[in-house]
Amino acid sequence: MSKIFEDEFMDIQIRMVSTCMEGLEDSTSNSPDCMYIYAFDSSSQSFFNVFFVREGKVVSFHDLGVPDDIISQVLDCGMDDVEELTELCNNRNKKAPNQYRLVYNFATDKLDTNYEYDDLSESNSSPVDEFIKWEESVAKTL
């Protein structure tokens, strides 16, 4: 029996979370409380990055002591997953989101997702800008 679209779509997102968690295995500090994954994909650009909240502060992989080569591998795998999500949507004649915001809570093992379909080229913003805005927005709530 073949998987339904929604299951495949969620499986790829869960793989994104798992990949980021694997990157933390080499961390030299305490585990974070939450993980925030931002991904973007359009016909002109793709982007993937992640930040964390630990002890009430926004931190990066670097802040958690993860080696550069591991960070690079995680981000590369994340980019592959974003492209796979778009490909899955296209193959199933579904509109692919341009932006993905995934929030994983380590204590509750809960994943929240938010998707947006706006192409940033029309808003004069970039995926990097959106990632930084989200990071700053989360930091203000802590």
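Everything quoted here is computed from the prediction, not taken from an experiment.
- To the nearest 0.5 angstrom, Thr113 atom OG1 is 6.5 Å from Leu102 atom CG.
- In this structure, the ring pair (Phe, Tyr, Trp, His ring centres under 6.0 Å) partners of Phe61, at least two apart in sequence or on a different chain, are Phe52.
- Residues meeting the ring pair (Phe, Tyr, Trp, His ring centres under 6.0 Å) test with Phe40, sequence neighbours left out: none.
- For the ring pair (Phe, Tyr, Trp, His ring centres under 6.0 Å) test, residues two or more places apart in sequence or in another chain that qualify with Phe5 are Phe9.
- Going from atom NZ of Lys94 over to atom CG of Leu85 covers 14.0 Å, rounded to the nearest 0.5 Å.
- The side-chain heavy atoms of Asp81 and Phe48, taken from C-beta on, include no pair separated by under 4.5 Å.
- When the side-chain contact (heavy atoms from CB on, under 4.5 Å) test is applied to Asn49, the partners found at least two apart in sequence or on another chain are Phe47, Leu75, Phe131.
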**Request:** Check the pair Phe106 / Tyr104 against ring-ring contact (aromatic ring centres under 6.0 Å, His included), numbers first and verdict last.
**Result:** CA-CA 6 Å; Phe106 286 88; Tyr104 178 75; 5.1 Å; yes
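- In this structure, the side chains of Val53 and Val59 stay at 4.5 Å or more apart for every pair of heavy atoms.
- Listed by chain and number, the residues in a side-chain contact (heavy atoms from CB on, under 4.5 Å) with Asn90 are Thr86 (sequence neighbours excluded).
- Interatomic distance, CD1 of Ile12 versus SG of Cys89, reported as 8.0 Å (0.5 Å rounding).
- The distance from the CE atom of Met16 to the CE atom of Met35 is 11.0 Å, given to the nearest 0.5 Å.
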**Prompt:** What do the steps show when you test Tyr38 against Val50 for side-chain contact (heavy atoms from CB on, under 4.5 Å), and what is the final call?
**Reply:** CA-CA 6 Å; Tyr38 178 81; Val50 60; over 6 Å; no
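- If you chain together hydrophobic residues whose side chains sit under 4.5 Å apart, Val82 and Ile132 never meet in one group.
- Contacts classified as salt bridge (charged side-chain N to carboxylate O under 4.0 Å, His left out) and involving residues 51-61 (residues at least two apart or in different chains) are not found.
- Here Asn105 pairs with Cys34, Ala107, Thr108 under the side-chain contact (heavy atoms from CB on, under 4.5 Å) rule; sequence neighbours left out.
- Hydrophobic clustering (ILVMFWY, side-chain heavy atoms < 4.5 Å, transitive): Phe51 and Val17 are in distinct clusters.
- Counting only residues at least two apart or on different chains, the salt bridge (charged side-chain N to carboxylate O under 4.0 Å, His left out) pairs with a member in residues 130-142 are Arg101-Glu130, Glu130-Lys133.
- At least one side-chain heavy atom of Gln45 sits under 4.5 Å from a side-chain heavy atom of Pro127.
- Put simply, the side chain of Ile4 does not reach to within 4.5 Å of the side chain of Glu8, judged on heavy atoms.
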**Request:** Run the numbers on Met10 and Ile14 for side-chain contact (heavy atoms from CB on, under 4.5 Å), then give the verdict.
**Result:** CA-CA 6 Å; Met10 186 52 90; Ile14 291 169; 3.8 Å; yes
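- Taking every heavy atom of both residues into account, Ile37 and Cys20 meet most closely at CD1-SG, 3.9 Å.
- Using a 4.5 Å heavy-atom threshold, the side chains of Glu83 and Ser46 count as touching.
- For Tyr100, the ring pair (Phe, Tyr, Trp, His ring centres under 6.0 Å) test picks out Tyr115, with sequence neighbours left out.
- Both Met21 and Val74 belong to a common hydrophobic cluster when Ile, Leu, Val, Met, Phe, Trp and Tyr are linked at side-chain heavy-atom distances under 4.5 angstrom.
- Val103 and Leu111 sit in two unconnected hydrophobic clusters of ILVMFWY residues. Membership requires side-chain heavy atoms under 4.5 Å apart, directly or through other members.
- At a threshold of 4.5 Å between side-chain heavy atoms, the hydrophobic network of Ile, Leu, Val, Met, Phe, Trp and Tyr places Val128 and Met79 in two separate groups.
- Annotation: side-chain contact (heavy atoms from CB on, under 4.5 Å) contacts of Ser60 (sequence neighbours excluded): His62, Asp63.
- Residues Asn98 and Ser42 bring no donor and acceptor atom of their side chains to less than 3.5 Å of each other.
- Interatomic distance, Leu142 CG to Asp33 CG, rounded to the nearest 0.5 Å: 9.5 Å.
- Between atom OG1 of residue Thr19 and atom CG of residue Asp76 there is a gap of 11.0 Å, rounded to the nearest 0.5 Å.
- Scored by the salt bridge (Lys or Arg N to Asp or Glu O under 4.0 Å) test, Glu22 finds no partners at all (sequence neighbours excluded).
- Residues Ser126 and Leu120 are not in side-chain contact: their nearest non-hydrogen atoms beyond the backbone lie 4.5 Å or more apart.
- Shown here are the salt bridge (Lys or Arg N to Asp or Glu O under 4.0 Å) partners of Asp112, two or more places apart in sequence or in another chain: Lys110.
- Side chain to side chain, Asp69 and Ser72 fail the donor-acceptor criterion of an N or O pair below 3.5 Å.
- Counting all heavy atoms, side chain and backbone alike, Pro32 lies closest to Leu64 at CG-CD1, 4.2 Å.
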